[in-house]
Amino acid sequence: MPTLSQAPAANQSVELPTDRVISSIPRDEASKWEYPSPQQFYNALVRKGWETPEEHVETMVHIHNFLNEEAWQEILKWEKRENPSEEPVLTRFKGRPGELSPKARLMLFAGWLLPTRFNTEPPFDRHDWIVKRRTTGEEVRYVIDYYSAPPEPDGSPVFSLDVRPALDSVGSIKSRISVATEEAWSALKDKNQKQSGIRNNA
């Protein structure tokens, strides 16, 4: 990740905090990742040419940090399935906004065919995170698609994350198949239980 300046951007009219928050995500055995300060976050947006109201930057940073923490928790769920005692670290990551993952393309196609059942909007962002398993030294790539969901009644934003290991290794493919099978059986079991309840109440 490039070092971002803490200096105000040209033509910036609102003073932004320069304090940084330490995440819960381990970078290695001795340190954790730090989130950019609101000033650094704003400088990154300016560098990319994205126009953002300065007064909204602090809220955007809070959302950014929250989503990353949620993404890490989802990755830990996958990793614990592989090895319950595993304590992985995030070695590096890459933002790929505007670049749809194969699954995101598939879901968009499903939304086009069945708009009442599937999301018709593409993810607003994508990250690839490289996770290292401390016990074996193996690196695993995770794909994270970030979606906007319908807001709460009070207007609060809602987000949805699709976090899964990339299909680029035999181990990841097996893991994806295992989880998909578990979810399919669970959905079928719930459906059968509901149908049984309807018959019993008839």
Strictly distance-based, threshold 3.5 Å: is any side-chain N or O of E74 a donor or acceptor partner for the main-chain N or O of A71? no
Taking V21 as the starting point, is it possible to reach F41 by hopping between hydrophobic residues whose side chains are less than 4.5 Å apart? no
Which residue in the set Q6, R20, Q12 passes side chain to side chain donor-acceptor pair (under 3.5 Å) when paired with Q39? Q12
Got a second to check how far E86's CD is from T136's OG1, nearest 0.5 Å? 6.0 Å
Less than 4.5 Å apart, side chain to side chain, heavy atoms only: is that true for I130 and L90? no
Under a 4.5 Å cut-off applied to non-hydrogen side-chain atoms, are N83 and T135 in contact? yes
Checking V61 against F66 for the side-chain contact (heavy atoms from CB on, under 4.5 Å) test, could you report, in this order, the C-alpha distance in whole Å, the side-chain angles of both residues, the deciding distance, and whether it holds? CA-CA 8 Å; V61 169; F66 170 77; over 6 Å; no
Whether S160 side chain and A149 backbone form a donor-acceptor pair below 3.5 Å: no
Reference residue W33; test ring-ring contact (aromatic ring centres under 6.0 Å, His included); the match among W129, W72, F93: F93
So do the side chains of F159 and I63 get within less than 4.5 Å of each other, counting heavy atoms only? yes
Between D128 and R141, is there a salt bridge with N-O shorter than 4.0 Å? yes
Could you tell me if Y146 and H127 have a donor-acceptor pair between their side chains, going purely by distance under 3.5 Å? yes
Is there a path of hydrophobic side-chain contacts, each under 4.5 Å between heavy atoms, that joins L67 and I144? yes
Indicate, with yes or no, if V158 and Y147 share a hydrophobic cluster defined by side-chain heavy-atom contacts under 4.5 Å among Ile, Leu, Val, Met, Phe, Trp and Tyr. no
Answer yes if F124 and L45 sit in the same cluster of Ile, Leu, Val, Met, Phe, Trp and Tyr residues linked by side chain heavy atoms under 4.5 Å apart, and no otherwise. no
Starting from L108, walk the hydrophobic network (Ile, Leu, Val, Met, Phe, Trp, Tyr; side-chain heavy atoms closer than 4.5 Å) and list everyone else you reach, by chain and number. L100
Measure the shortest side-chain to side-chain distance between V143 and R126 over non-hydrogen atoms and say whether it is less than 4.5 angstrom. yes
Before accepting this row, confirm whether a basic side-chain N of the pair R164/D145 lies closer than 4.0 Å to the acidic partner's carboxylate O. yes
Hey, is E87 close enough to K80 for a salt bridge, meaning N to O under 4.0 Å? yes
Are R92 and E139 close enough for a salt bridge, meaning some N to O gap below 4.0 Å? yes
Check whether any side-chain heavy atom of P38 lies under 4.5 Å from a side-chain heavy atom of P17, and answer yes or no. yes
Does one side chain, of S5 or R47, offer a donor that lies under 3.5 Å from an acceptor on the other? no
Rounded to the nearest 0.5 Å, the CG atom of D28 sits from the CZ atom of R134 at a distance of 8.0 Å
Answer yes or no: does atom CD of E55 have more than 12 heavy-atom neighbours from other residues, nucleotides or ligands under 6.0 Å? yes
For the CG atom on L114, are there more than 12 heavy atoms of other groups (residues, nucleotides or ligands in this structure) within a distance under 6.0 Å? yes
Do S172 and S175 have side-chain N/O donor and acceptor atoms under 3.5 Å apart? no
Polar contact flag, side-chain donor to acceptor under 3.5 angstrom, S24-E69: yes
In short, L76 meets P88 closest at the heavy-atom pair CD2-CG, 3.7 Å
Write down the atom of A9, the atom of V46, and the distance for their closest heavy-atom approach. CB-CG2, 4.3 Å
Using every non-hydrogen atom in the two residues, find where W50 and P97 come nearest and quote the distance to one decimal. CH2-CG, 4.4 Å
Check whether any side-chain heavy atom of T52 lies under 4.5 Å from a side-chain heavy atom of M60, and answer yes or no. yes
Linking Ile, Leu, Val, Met, Phe, Trp and Tyr through side-chain heavy atoms less than 4.5 Å apart, which residues share a cluster with L167? I173, I177
Which heavy atom of Y142 sits nearest a heavy atom of P165, and at what distance? CD2-N, 3.5 Å
Got V131 and I75 here, is their nearest side-chain heavy-atom distance under 4.5 Å? yes
Side-chain H-bond candidate by donor/acceptor type, E58 with Y42, under 3.5 Å: no
If we ignore angles and hydrogens, is there a donor and acceptor under 3.5 Å between the side chains of E54 and S13? yes
Does the pair E138/R133 count as a salt bridge with the N-to-O cut at 4.0 Å? yes
Gap between atom CG of D162 and atom OG of S101 - 0.5 Å precision: 7.0 Å
Would one find more than 12 heavy atoms of other residues, nucleotides or ligands at under 6.0 Å from atom NZ of K132? no
Quick one: are E15 and P8 in side-chain contact, heavy atoms under 4.5 Å? no
